[in-house]
**Q** 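Can you keep this structure in mind? I'll have questions shortly.
Bear in mind the structure is a predicted one, so any value in this text is a computation, not a measurement.
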Number of protein chains: 2
Amino acid sequence: MRLLLVEDDLPLLAQLSERLERQGYAVERADNGTEALYLGREFPLDLAIVDLGLPDLSGLEVIRRLRAEGKRFPILILTARGRWQEKVEGLEAGADDYLVKPFRFEELLARLNALARRSGGWASPRLDYGRMVLDTARQALEVDGRPVPLTAYEYRVLEYLMLHGGQVISKSDLTEHIYEQDYDRDSNVLEVLVSRLRRKIDPDGTIAPIETLRGRGYRFRLERRQ
Amino acid sequence: MRLLLVEDDLPLLAQLSERLERQGYAVERADNGTEALYLGREFPLDLAIVDLGLPDLSGLEVIRRLRAEGKRFPILILTARGRWQEKVEGLEAGADDYLVKPFRFEELLARLNALARRSGGWASPRLDYGRMVLDTARQALEVDGRPVPLTAYEYRVLEYLMLHGGQVISKSDLTEHIYEQDYDRDSNVLEVLVSRLRRKIDPDGTIAPIETLRGRGYRFRLERRQ
DNA sequence: TGGCACCCTTAACGGAGGCTGAACGGCTAC
DNA sequence: GTAGCCGTTCAGCCTCCGTTAAGGGTGCCA
């Protein structure tokens, strides 16, 4: 999950991004509207958190422009206590949810989960695909009812594929969503991760949930095989 | 258990918080409504004790606002003798229980235990996980029927993990719930505590209830191993 | 059918993260 | 005052896992 965090209070920005990263998000930071706009245009984002009280371009304007340019990722806005009226303008500008500062971090996480779920079309944090069940809250995979231990990166790859089940995910999409900004282009980390995932999920290859589409990427198979 | 204590009588505030801390609660103090509201919003609380007679924002208002913002932790209100009628308003505002001042400290403890039990999803103060049973009322652990003595901090760690059994608990989550506000980030106290816990619970490693998820945190194992 | 990308798999490595024994020092209880 | 307990720190060791690299496989095109 690649997330854009826009917040002009630098200590808060640092603290939040650190905790979000610990939750497995790849965080892009911005402390002003111009930078936020740039990052929002340039990066393939899954989510954005935007503080409305920014020094230069207002958060509202950032949201309006991004939406005008066709960006559809969910946006959560943060408003200061006294200015909760802004939330209405924010939602009209194209935000999806709001949170009044100060807030508990857990509350933020809950909202983010809800947004990610809503956009990805998921009804619950359990991704249930018959023999495979991914519990996003517990960060745990079960295959045929048995827990399958995954490492942090294996989990991230699988979660992203399952969240976009049925869709073709290009390798660059995957790497960009899983890693921070810069990563080595000619590396085969992803292939190694996918390989390990397939082996862990079913050594016998009876499920084969991850398809390879040559030259295009990977796809998590939604429908039952016949 | 992280607890918010709101009381404008400063000597009483100090005395109560000290005794509550001795009982193993991590106590956030506030002597006015504004601060109470701030703390209630900012911290991941498990319980709150609110005196209704506050100078600025009334305790009632604090409760109403917190509830309006979706906070669901149990709230116990304190009312002065002559004003016991306030208890009705308090309960209507969203409190869960009340106590009339003056009261015996043991009475307060009993109510808190009852509240903590009622919420949090545990039906009883006994967390029974087969070979391990944690008695939250007595703050005592039994393994295979034998009592296992724990120190205060060991107990807090284990209780938090067991209360969130199955979930991945990050180290920062754990420290935040166990310690007061500021703690040293690059310390390995938690690892030491977990290490001691594991050793005390089963020196032979036949239960191994606390899993380590590298880079992500710890998880108390719910399901039986096969 | 050959050749060339592209992909899979395995093995190995190195560093970060986690574990633990030992020691210290402050607090408490007696 | 003093002995013991306990929370914390530190250092050294170990394990794990993310990454790289290499060799073989497979599909797609001419």
**Q** Could you tell me how far apart A:Leu213 (CG) and C:dC7 (P) are, to the nearest whole angstrom?
**A**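 About 10 Å, once rounded to whole Å.
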**Q** Round to the nearest Å and state the distance from B:Tyr155 atom OH to D:dG7 atom P.
**A**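 It is 14 Å, rounded to the nearest whole Å.
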**Q** Just to confirm, is there a sub-4.0 Å distance from OP1 or OP2 of C:dG21 to any side-chain nitrogen or oxygen of B:Arg199?
**A**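 Indeed, a polar side-chain atom of B:Arg199 lies that close.
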**Q** What is the distance, to the nearest angstrom, from the CG atom on A:Leu197 to the C1' atom on D:dC17?
**A**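 Taking atom C1' of D:dC17 as the reference, CG of A:Leu197 is at 13 Å.
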**Q** Using whole Å, report how far NZ of A:Lys200 lies from P of C:dT9.
**A**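 Those two atoms, NZ and P, are 15 Å apart.
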**Q** With a 4.0 Å cut-off, would you call B:Asp144 and B:Arg131 a salt bridge?
**A**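 Looking at B:Arg131 together with B:Asp144, the answer is yes, because their closest N to O distance falls below 4.0 Å.
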**Q** Might you work through the side-chain contact (heavy atoms from CB on, under 4.5 Å) test for B:Asn188 and B:Leu190, ending with a clear yes or no?
**A** CA-CA 5 Å; B:Asn188 70 336; B:Leu190 256 191; over 6 Å; no
**Q** Ignoring backbone atoms, test whether A:Thr151 places a side-chain nitrogen or oxygen under 4.0 Å from the OP1 or OP2 oxygen of D:dC17.
**A**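 For D:dC17, OP1/OP2 do not have a side-chain N/O of A:Thr151 under 4.0 Å.
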**Q** For B:Ala152 and B:Thr212, find the nucleotide of DNA chain D closest to each by heavy atoms; which residue's nucleotide sits nearer the 5' end?
**A**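 Nearest nucleotide further toward 5': that of B:Ala152.
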**Q** Aromatic ring centroids of A:Phe220 and A:Tyr160 under 6.0 Å?
**A**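 Not close enough - the centres of the two rings lie 6.0 Å or further apart.
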**Q** Within the pair A:Ser187 and D:dT20, is there a side-chain N or O less than 4.0 Å away from OP1 or OP2?
**A**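 For A:Ser187, the contact criterion (side-chain N or O under 4.0 Å from OP1 or OP2 of D:dT20) is met.
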**Q** Starting from C1' on C:dA12, measure out to CG on A:Asn188 and report it in whole angstrom.
**A**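 Rounding to the nearest Å, CG of A:Asn188 and C1' of C:dA12 are 14 Å apart.
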**Q** Test side-chain contact (heavy atoms from CB on, under 4.5 Å) on A:Glu7 and A:Leu78 and set out the steps.
**A** CA-CA 9 Å; A:Glu7 169 58 66; A:Leu78 304 179; 3.9 Å; yes
**Q** Taking only the side-chain heavy atoms of A:Arg214 (C-beta and beyond), determine which of D:dA22, D:dT8, C:dC7 contains the nearest atom.
**A**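 The closest nucleotide is C:dC7.
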**Q** Which is more 5' along DNA chain C, the nucleotide nearest B:Arg198 or the one nearest A:Gly215? Just name the residue.
**A**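 Per heavy-atom nearest nucleotide, the more 5' residue is A:Gly215.
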**Q** Based on the rotation axes of five pairs at each end, what angle does the helix from C:dT1-D:dA30 to C:dC30-D:dG1 bend through, to 10°?
**A**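 What I find for the helix from C:dT1-D:dA30 to C:dC30-D:dG1 is an axis angle of 30°.
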**Q** Under 4.0 Å, counting only non-hydrogen atoms across every strand here, what does A:Arg196 touch: a base, just sugar-phosphate, or nothing?
**A**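 Touches a base.
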**Q** Could you tell me the separation between the CZ atom of B:Arg156 and the P atom of D:dC6, rounded to a whole number of Å?
**A**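 To the nearest whole Å, that distance equals 14 Å.
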**Q** 5'-most contact on DNA chain D: A:Leu150 or B:Leu150, nearest heavy atom basis?
**A**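 Here B:Leu150 is the residue nearer the 5' end.
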**Q** List the steps and the verdict of side-chain contact (heavy atoms from CB on, under 4.5 Å) for B:Tyr218 and B:Thr212.
**A** CA-CA 5 Å; B:Tyr218 295 101; B:Thr212 301; 3.5 Å; yes
**Q** For B:Arg196, enumerate each residue passing the side-chain contact (heavy atoms from CB on, under 4.5 Å) test, keeping only those at least two apart in sequence or located in another chain.
**A**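 Testing B:Arg196 for side-chain contact (heavy atoms from CB on, under 4.5 Å), a comparison that skips the adjacent residues, returns B:Glu154, B:Val192.
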**Q** Does a side-chain N or O of A:Tyr218 approach OP1 or OP2 of C:dC8 to a distance below 4.0 Å, or not?
**A**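 It does, given that an N or O in the side chain of A:Tyr218 lies less than 4.0 Å from OP1 or OP2 of C:dC8.
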**Q** Rounding to an integer number of Å, can you tell me how far B:Glu154 CD sits from C:dT20 P?
**A**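 Spelled out: CD on B:Glu154 to P on C:dT20 is 13 Å.
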**Q** Write down the distance between CG (B:Leu193) and P (C:dG18), rounded to a whole number of angstrom.
**A**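 About 15 Å, once rounded to whole Å.
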**Q** Roughly how far, to the nearest 0.5 Å, is the CG atom of B:Leu5 from the CG atom of B:Leu39?
**A**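 That separation rounds to 10.5 Å.
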**Q** What closest approach, in Å, do B:Ala36 and B:Val62 show between heavy atoms, and which atom pair accounts for it?
**A**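 Smallest heavy-atom distance, with atoms named: CB-CG1, 4.2 Å.
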**Q** Using a cut-off of strictly less than 4.0 Å, decide whether B:Ser195 has a side-chain nitrogen or oxygen near OP1 or OP2 of C:dC19.
**A**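 No, because none of the side-chain N or O atoms of B:Ser195 sits under 4.0 Å from OP1 or OP2 of C:dC19.
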**Q** Categorize A:Val192 for me: base, sugar-phosphate, or nothing, with a 4.0 angstrom heavy-atom threshold over every strand shown.
**A**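 Here A:Val192 touches the bases of the nucleic acid.
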